[in-house]
4 protein chains.
Amino acid sequence: MFLEIEQTSPIAIYTQLTSQIKKAIVKETLVAGDDLPSVRVLASDLGVNMHTVNKAYNILTEEGLLLKSKKGYVVSPKINRQTDEEQEDEMKKRLEDVLVDILVHNHSEKTVQEWLSELTVALRKGDN
Amino acid sequence: MFLEIEQTSPIAIYTQLTSQIKKAIVKETLVAGDDLPSVRVLASDLGVNMHTVNKAYNILTEEGLLLKSKKGYVVSPKINRQTDEEQEDEMKKRLEDVLVDILVHNHSEKTVQEWLSELTVALRKGDN
Amino acid sequence: MFLEIEQTSPIAIYTQLTSQIKKAIVKETLVAGDDLPSVRVLASDLGVNMHTVNKAYNILTEEGLLLKSKKGYVVSPKINRQTDEEQEDEMKKRLEDVLVDILVHNHSEKTVQEWLSELTVALRKGDN
Amino acid sequence: MFLEIEQTSPIAIYTQLTSQIKKAIVKETLVAGDDLPSVRVLASDLGVNMHTVNKAYNILTEEGLLLKSKKGYVVSPKINRQTDEEQEDEMKKRLEDVLVDILVHNHSEKTVQEWLSELTVALRKGDN
DNA sequence: GTGGTCTAGACCACG
DNA sequence: GTGGTCTAGACCACA
């Protein structure tokens with residue numbers, strides 16, 4: 001399984017799940033049409049509660065990244081993953097927060113660029 | 001006062017405070033040596049609890065952005081704002097999360113670059 | 001065949017079936033006395049389980065829209081399609097729910113009227 | 001309290017809650033800025049579980065009808081209650097389903113109009 | 001087998 | 001006091 005969660009992390013488990021699934025989609029470890037593990041199976045695999053997985057899947061479905069059918073959850077086609085303006089503003093705000101935090105700690109914009117390059121490369125190849 | 005907080009926002013007030021103070025430092029609205037308003041004064045100005053302001057100041061002090069003296073809190077010199085490797089990894093992780101979120105919603109790396117430029121420019125000039 | 005079902009939809013298949021058959025009756029694609037495809041045939045045509053088709057036919061029969069004979073199901077005469085008061089209340093309740101939902105999202109009663117007109121026209125002409 | 005739920009109804013409790021709260025907003029029993037009862041208080045009042053109320057509140061917040069602050073949930077200003085095109089299609093589809101159901105049971109379009117008028121009037125005056 | 005709903009009860013963060 | 005998260009376990013609808 002391509003997902004791992006840290007029980008001790010201060011980050012909510014369902015958030016860790018959504019992040020990792022998004023990452024898997026960006027890396028194309030998961031592609032449009034792929035089935036996700038059933039809620040109960042994934043929960044038991046990870047040793048977390050069913051409801052926690054369910055919440056993660058629901059959020060991703062709301063965001064248009066997953067589709068819910070009667071047979072379970074599936075990665076949705078690219079077409080469904082668009083964002084509206086409000087959501088873009090949200091993302092920009094989050095980007096700004098991170099940016100400010102990096103800059104305030106004496107890093108230059110150049111460093112940000114480098115990190116972005118690193119991250120982008122890492123997202124292109126390799127599995128999780 | 002260069003700080004505004006939204007009482008109705010679901011974002012924790014102390015988080016709003018740390019974010020805005022960091023932004024003020026990046027924008028050089030606040031520079032090394034500047035005094036911050038006393039905990040009591042700021043709390044009363046903003047209509048929030050003293051403990052809340054205190055928490056924000058403490059966090060910023062922990063991060064090396066403020067210095068606590070007998071007379072109150074001041075913006076610390078640049079030299080104190082360095083990060084260790086662990087904190088850098090933290091920031092990279094946060095940057096990655098935002099990046100993945102942007103990319104997974106069909107935006108290109110180019111868009112990320114553009115947003116970064118916009119944000120950087122906005123951080124250079126103007127007040128909060 | 002005038003029926004199509006979406007296997008991937010989260011809406012129950014038997015519900016999709018009843019909806020579409022009702023629509024066909026309103027559009028007079030199906031009129032009193034018409035035979036419906038046999039349960040087996042329809043199930044195989046649509047690639048769904050026999051029980052599912054059966055459930056749909058049963059519900060429609062319960063509602064007085066179909067008649068079950070030894071030879072199979074047929075569209076029942078208009079006279080059988082009446083509703084009792086309880087069912088009318090049910091329908092009104094459902095209408096109210098939709099209405100409230102439309103109004104609460106800032107649409108006017110005029111919009112509701114327009115939508116109804118559109119829908120009514122669409123139901124008059126054309127096939128499914 | 002202006003809300004009542006039927007434990008025995010086949011309709012999910014959280015759905016009953018969202019419906020009734022929407023109705024209260026349309027009737028202006030609840031207006032922009034009003035506080036909603038806290039999750040736990042409402043749950044105990046109604047004799048249902050906290051999570052059930054929470055789910056209802058969350059859905060309404062997603063729809064833009066409520067706002068979540070640190071002090072609880074509040075009815076949001078009209079401006080936030082807009083719908084996008086996709087949501088409108090959804091509502092039209094639901095309206096169509098109800099309409100078909102009414103028409104297929106021998107009611108005329110005129111009846112639908114009458115019911116709508118009744119319902120609209122009822123939504124204008126009086127409390128729940 | 002799949003997800004959906006609900007309950008009961010616990011612990012945490014915030015202010 | 002507020003909501004958020006998580007667990008454990010139950011029952012139901014659908015196919």
Side-chain angles (χ1 to χ4, degrees), chain A residues 5 7-17 35-44 46-59 61 66-74, chain B residues 5 7-17 43 46-56, chain C residues 5 7-17 43 46-56, chain D residues 5 7-17 35-44 46-59 61 66-74:
Chain A
I5 57 124
Q7 286 281 5
T8 67
S9 162
I11 298 170
I13 296 175
Y14 76 84
T15 305
Q16 297 184 45
L17 284 177
D35 288 321
L36 274 89
S38 89
V39 170
R40 280 167 173 81
V41 164
L42 183 54
S44 117
L46 300 175
V48 303
N49 192 277
M50 173 198 73
H51 295 106
T52 306
V53 175
N54 202 276
K55 181 162 185 174
Y57 280 6
N58 272 312
I59 289 172
T61 305
L66 299 186
L67 285 180
K68 174 189 332 199
S69 75
K70 282 174 300 302
K71 320 203 123 195
Y73 289 86
V74 175
Chain B
I5 58 124
Q7 285 282 5
T8 70
S9 161
I11 298 170
I13 294 175
Y14 79 85
T15 306
Q16 296 185 46
L17 285 177
L46 299 176
V48 304
N49 196 296
M50 250 181 50
H51 300 334
T52 306
V53 175
N54 215 288
K55 180 163 186 175
Chain C
I5 58 125
Q7 286 282 5
T8 71
S9 160
I11 298 170
I13 293 175
Y14 81 84
T15 305
Q16 296 185 46
L17 284 177
L46 300 175
V48 304
N49 196 296
M50 250 181 52
H51 299 335
T52 307
V53 175
N54 216 288
K55 180 163 184 176
Chain D
I5 56 124
Q7 287 279 7
T8 66
S9 162
I11 298 169
I13 295 174
Y14 76 83
T15 305
Q16 296 184 47
L17 284 176
D35 288 321
L36 274 89
S38 88
V39 171
R40 280 167 173 80
V41 165
L42 184 54
S44 116
L46 299 176
V48 303
N49 193 276
M50 174 200 72
H51 294 106
T52 305
V53 176
N54 202 275
K55 180 161 188 175
Y57 280 6
N58 273 312
I59 289 172
T61 305
L66 299 186
L67 286 179
K68 172 188 337 199
S69 75
K70 282 175 300 301
K71 319 203 125 197
Y73 289 86
V74 174

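Letters A, B, ... mirror the listed sequences (proteins, then strands); counts begin at 1. Worth knowing before you read on, the calculation uses all heavy atoms, side chains too, and leaves out hydrogens, waters and symmetry mates. Bear in mind that the values here come from a model prediction, so they are computed numbers and not experimental data.
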Length of the line joining M50(D):CE and dG1(F):C1', which is rounded to integer Å: 15 Å
Taking the side chain as every heavy atom from C-beta outward, state whether L36(A) and L66(A) have any pair of such atoms under 4.5 Å apart. yes
Measure the distance from NZ on K55(A) to C1' on dG4(E) and round it to the nearest whole Å. 16 Å
Just call it for V48(A): base, sugar-phosphate, or nothing, with non-hydrogen atoms closer than 4.0 Å on any strand. sugar-phosphate
Taking for T15(D) and for I13(B) the nucleotide of DNA chain E with the nearest heavy atom, the one nearer the 5' end belongs to T15(D)
When rounded to whole Å, the CD1 to C1' distance for the pair I5(D) and dT5(E) reads 13 Å
Which of the following nucleotides, dG4(E), dC6(F), dG4(F), is nearest to the side chain of N58(D)? dG4(F)
Between dC6(E), dT7(F), dT2(F), which nucleotide has the shortest distance from any of its atoms to the side chain of S38(D)? dT2(F)
Which pair of non-hydrogen atoms, one from L46(A) and one from Q7(A), has the smallest distance, and what is that distance? O-NE2, 4.4 Å
Nucleotide dC6(E), atom C1' - distance to CG of L17(D) in whole Å: 12 Å
Which heavy-atom pair separates K70(A) from A12(C) by the least distance, and what is that distance? CD-CA, 4.2 Å
Can you find a heavy atom in the side chain of V48(C) that is under 4.5 Å from one in the side chain of Y14(C)? no
Between the side-chain atoms of R40(D) and the base atoms of dG3(F), is any donor-acceptor pair under 3.5 Å? yes
Between atom OH in Y14(A) and atom C1' in dT5(F), what is the gap in whole Å? 8 Å
Any K70(D) side-chain nitrogen or oxygen under 4.0 Å from OP1 or OP2 of dG4(F): no
Over how many whole Å does the gap from Q16(C) atom CD to dC14(F) atom C1' extend? 12 Å
Gap between atoms CG and P, on N49(B) and dG1(F) respectively (whole Å): 17 Å
Name the residue closer to the 5' end of DNA chain F, choosing between I11(C) and Y57(D) according to the nucleotide with the nearest heavy atom. Y57(D)
Quick note, N54(D) side chain, CB onward, closest among dG3(F), dC14(F), dA10(E) is dG3(F)
Hey, is the side chain of H51(A) pairing donor to acceptor with the base of dG3(E) inside 3.5 Å? no
Value in whole Å for how far the P atom of dC11(E) lies from CD of Q7(A): 16 Å
From L17(B), I11(B), I13(B), residue fulfilling side chain to side chain contact (heavy atoms under 4.5 Å, CB included) relative to T15(B): I11(B)
For the side chain of Y73(A), starting at C-beta, report the closest nucleotide among dG3(E), dG15(E), dG4(F). dG3(E)
Closest to side chain of T52(D), choosing from dG3(F), dT2(E), dT7(E): dT7(E)
Gap separating the CG atom of N58(D) from the CG atom of N58(A), nearest 0.5 angstrom: 11.0 Å
Donor-acceptor check, side chain of K71(A) to backbone of T8(C), threshold 3.5 angstrom: yes or no? no
At their closest point, which heavy atom of Q16(A) faces which heavy atom of S9(A), and how far apart are they? NE2-CB, 3.5 Å
Can you tell me if the side-chain N/O atoms of K71(A) get under 4.0 Å from OP1 or OP2 in dG3(E)? no
Could you summarise the pairing of DNA chain E as dot-bracket text, marking Watson-Crick and G-U pairs under 3.5 Å with ( ) or [ ] inside the strand and | across strands? ||||||||||||||.
